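None of these values were measured; they are calculated from a predicted model. In what follows, chains carry the letters A, B, and so on, assigned in the order in which the sequence lines appear, proteins first and then strands, with residues in each chain numbered from 1.
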Protein chains: 2
Amino acid sequence: MTAETKTDQTRARLLNAAREVFSQHGFQGATVREICRRAETNVSAVNYHFGSKDGLLAEALNFAQLKALQAANIKADECPEARLHLFIRDFMLMLLDENTPSSQCRIMARELADPTPALDKIVREAIAPLHKFLGELVHAIVGDTVGEAELRRCVHSIFGQCLFYRHSHPVLQRLYPKLRYDSKEINAIAGHIADFSLAGVKRIAGIRNPV
Amino acid sequence: MTAETKTDQTRARLLNAAREVFSQHGFQGATVREICRRAETNVSAVNYHFGSKDGLLAEALNFAQLKALQAANIKADECPEARLHLFIRDFMLMLLDENTPSSQCRIMARELADPTPALDKIVREAIAPLHKFLGELVHAIVGDTVGEAELRRCVHSIFGQCLFYRHSHPVLQRLYPKLRYDSKEINAIAGHIADFSLAGVKRIAGIRNPV
DNA sequence: AACTGTATCAAACGCTTGTTTGAAAGTAAA
DNA sequence: TTTACTTTCAAACAAGCGTTTGATACAGTT
């Protein structure tokens with residue numbers, strides 16, 4: 001085994017472990033020692049390979065999946081209403097599904113409220129494009145009938161509903177101990193948010209809602 | 001000055017400082033040293049008066065304002081739709097207004113995603129009643145036409161929209177640097193959420209929405 | 001075989017955390 | 001004033017944190 005391959009293997013193990021631990025405990029709550037324990041390597045490996053805990057977070061972030069989601073949604077040959085539904089479902093799957101290794105989105109969700117050195121990068125490269133994307137999708141639904149501020153608030157309403165299930169998960173588990181985020185439940189939640197939001201944005205736009 | 005008065009004064013100063021710091025940095029991010037610095041007392045005062053940092057948090061929590069909000073809303077002689085609007089406005093004022101010293105609600109909001117020893121108490125005494133209250137309010141609007149699961153999801157949609165502006169504040173400030181939560185902005189946000197949600201719950205209930 | 005550079009590791013470093021200690025100051029009753 | 005009790009405080013404590021160090025093992029080159 002060459003030295004380079006060994007380096008890459010250790011790096012990869014560290015990145016995977018970091019994504020796990022960051023998404024579970026947040027940046028502040030995660031410890032370098034636990035990440036290294038899961039990566040089965042020494043504590044000093046983080047600083048050797050990534051310079052610092054900050055550097056590890058920066059490299060652990062990966063927005064590819066989020067961008068793929070948007071690209072696939074744009075390509076989908078559907079009306080804007082259907083695309084909104086699709087987007088919400090895919091987004092909720094990324095946020096909630098415990099069977100997929102898409103912890104990037106969950107890392108970001110954790111950091112929203114607690115600025116870390118990486119938040120500027122996250123906002124610039126992931127969140128801002130995401131808001132722009134959803135803003136355009138909502139605009140395609142309601143047309144030019146709503147002002148910029150109201151359009152933004154519609155986007156906030158949609159993201160707010162989605163993120164609620166991630167942020168408030170510890171609370172919801174206490175309120176409803178039987179709650180499980182299996183694919184059936186996630187689909188039901190996504191369907192609800194899509195219906196609820198479609199009625200909401202149309203109401204804001206002054207469009208009559210059919211039953 | 002009697003000893004008891006002195007004790008109470010120090011206790012009160014510690015509680016006020018604790019509410020400030022907890023709401024700003026969260027439980028984990030807050031340090032007893034900073035709390036004591038703001039309370040202008042010694043580090044050991046926290047353990048002397050409250051036993052531990054956990055004990056300080058438990059006593060710093062105060063759900064009176066949240067309960068007063070619900071009581072006032074029930075007393076208000078308005079239709080359910082108007083009461084929903086009132087509730088959302090008052091709730092947003094508690095969550096966002098920086099000029100009012102209602103940091104309790106903000107402490108809770110911070111802890112939602114990050115279980116602390118106090119979360120069980122918070123859920124039991126504050127969040128569960130709040131969800132029950134809003135559930136009944138939504139039920140008063142839509143009647144018996146929607147199932148229990150869908151009603152719960154409507155409540156989640158409303159809280160999700162409200163909490164978004166608190167949780168994502170650091171992100172929103174980066175996206176829109178001009179954003180300020182003055183009373184005009186808070187009222188606009190509350191109005192939007194009320195309109196948006198009213199249309200949403202009626203759509204879920206299968207009630208046609210007027211323009 | 002000797003040399004070079006990289007990767008790993010146990011151990012330690014400097015710092016911060018929540019908490020404890022023991023003495024000093026202050027208050028109230030005898 | 002003496003006594004008993006409460007409150008404050010500087011200092012220290014043990015544990016945990018991110019990070020650094022110096023030795024060791026190892027691959028590839030000469």
Side-chain angles (χ1 to χ4, degrees), chain A residues 1-61 107 110-111 114-119, chain B residues 1-61 107 110-111 114-119:
Chain A
M1 181 191 303
T2 74
E4 262 202 16
T5 335
K6 251 166 78 185
T7 299
D8 289 351
Q9 281 191 353
T10 305
R11 280 179 61 95
R13 268 185 291 126
L14 276 171
L15 286 171
N16 284 332
R19 293 191 183 106
E20 267 186 44
V21 180
F22 283 147
S23 70
Q24 279 177 19
H25 301 99
F27 180 74
Q28 203 182 184
T31 70
V32 175
R33 280 172 171 82
E34 162 136 22
I35 292 171
C36 291
R37 204 177 306 131
R38 294 207 199 181
E40 294 183 338
T41 182
N42 192 269
V43 226
S44 50
V46 163
N47 294 79
Y48 180 77
H49 287 283
F50 301 98
S52 67
K53 189 185 176 186
D54 287 11
L56 176 58
L57 173 63
E59 292 218 40
L61 291 171
I107 298 176
R110 282 212 61 124
E111 304 304 327
D114 223 330
T116 69
L119 184 56
Chain B
M1 179 192 306
T2 73
E4 262 201 15
T5 334
K6 250 168 76 184
T7 300
D8 290 350
Q9 281 191 353
T10 305
R11 280 179 61 95
R13 268 186 291 126
L14 276 171
L15 286 171
N16 285 331
R19 292 190 183 105
E20 267 185 44
V21 180
F22 283 148
S23 71
Q24 279 177 19
H25 302 98
F27 180 74
Q28 203 182 182
T31 69
V32 303
R33 277 173 174 80
E34 162 134 24
I35 292 171
C36 290
R37 204 177 306 129
R38 295 207 199 181
E40 293 182 340
T41 183
N42 190 269
V43 225
S44 49
V46 164
N47 294 79
Y48 179 76
H49 287 285
F50 302 97
S52 67
K53 189 185 176 186
D54 286 12
L56 177 57
L57 173 62
E59 292 216 40
L61 291 170
I107 298 176
R110 281 211 61 124
E111 304 304 326
D114 222 328
T116 70
L119 185 57

Rounded to the Å, how far apart are [X] [atom1] and [N] [atom2]?
X	N	atom1	atom2	value
A/Ile35	D/dG18	CD1	C1'	11 Å
B/Lys53	C/dT19	NZ	C1'	12 Å
A/Phe50	C/dA7	CZ	P	12 Å
A/Tyr48	D/dT21	OH	C1'	14 Å
B/Gln9	C/dT27	CD	P	12 Å
A/Arg33	C/dC15	CZ	C1'	12 Å
B/Phe22	C/dG18	CZ	C1'	12 Å
A/Gln28	C/dT16	CD	C1'	12 Å

- request: Examine D/dT8: is either OP1 or OP2 under 4.0 Å from a nitrogen or oxygen in the side chain of B/His49? Give yes or no.
  value: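 Yes.
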query: With respect to the phosphate group of D/dT8, does any side-chain polar atom (N or O) of B/Thr10 fall under 4.0 Å of OP1 or OP2?
result: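 Yes, B/Thr10 has a side-chain N/O under 4.0 Å of OP1/OP2 on D/dT8.
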message: As a test of reading the structure: which of C/dT19, D/dT20, D/dC17 is closest to the side chain of A/Asn47, going by heavy atoms?
response: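 So the side chain of A/Asn47 is nearest to D/dT20.
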field: Proximal nucleotide (of D/dG18, C/dT19, D/dC9) relative to the B/Thr41 side chain
entry: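 Selected nucleotide (nearest to the side chain): D/dC9.
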task: Examine the side chains of B/Asp54 and B/Ser52 and answer whether a donor and an acceptor come within less than 3.5 Å of each other.
output: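 Judged by distance alone, the side chains do not pair up.
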[X] side chain vs [Y] backbone, donor-acceptor pair below 3.5 Å:
X	Y	answer
B/Lys53	B/Val46	no
B/Arg110	B/Gln24	yes
B/Glu111	B/Phe27	yes
A/Glu59	A/Leu15	no

- request: Remember a base hit wins even if backbone is also touched, and classify B/Ser44 as base, sugar-phosphate or nothing at under 4.0 Å, heavy atoms.
  value: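 Touches a base.
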- prompt: Quick one: does B/Asn42 reach the base of D/dA10 with a side-chain donor-acceptor pair under 3.5 Å?
  reply: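 Present.
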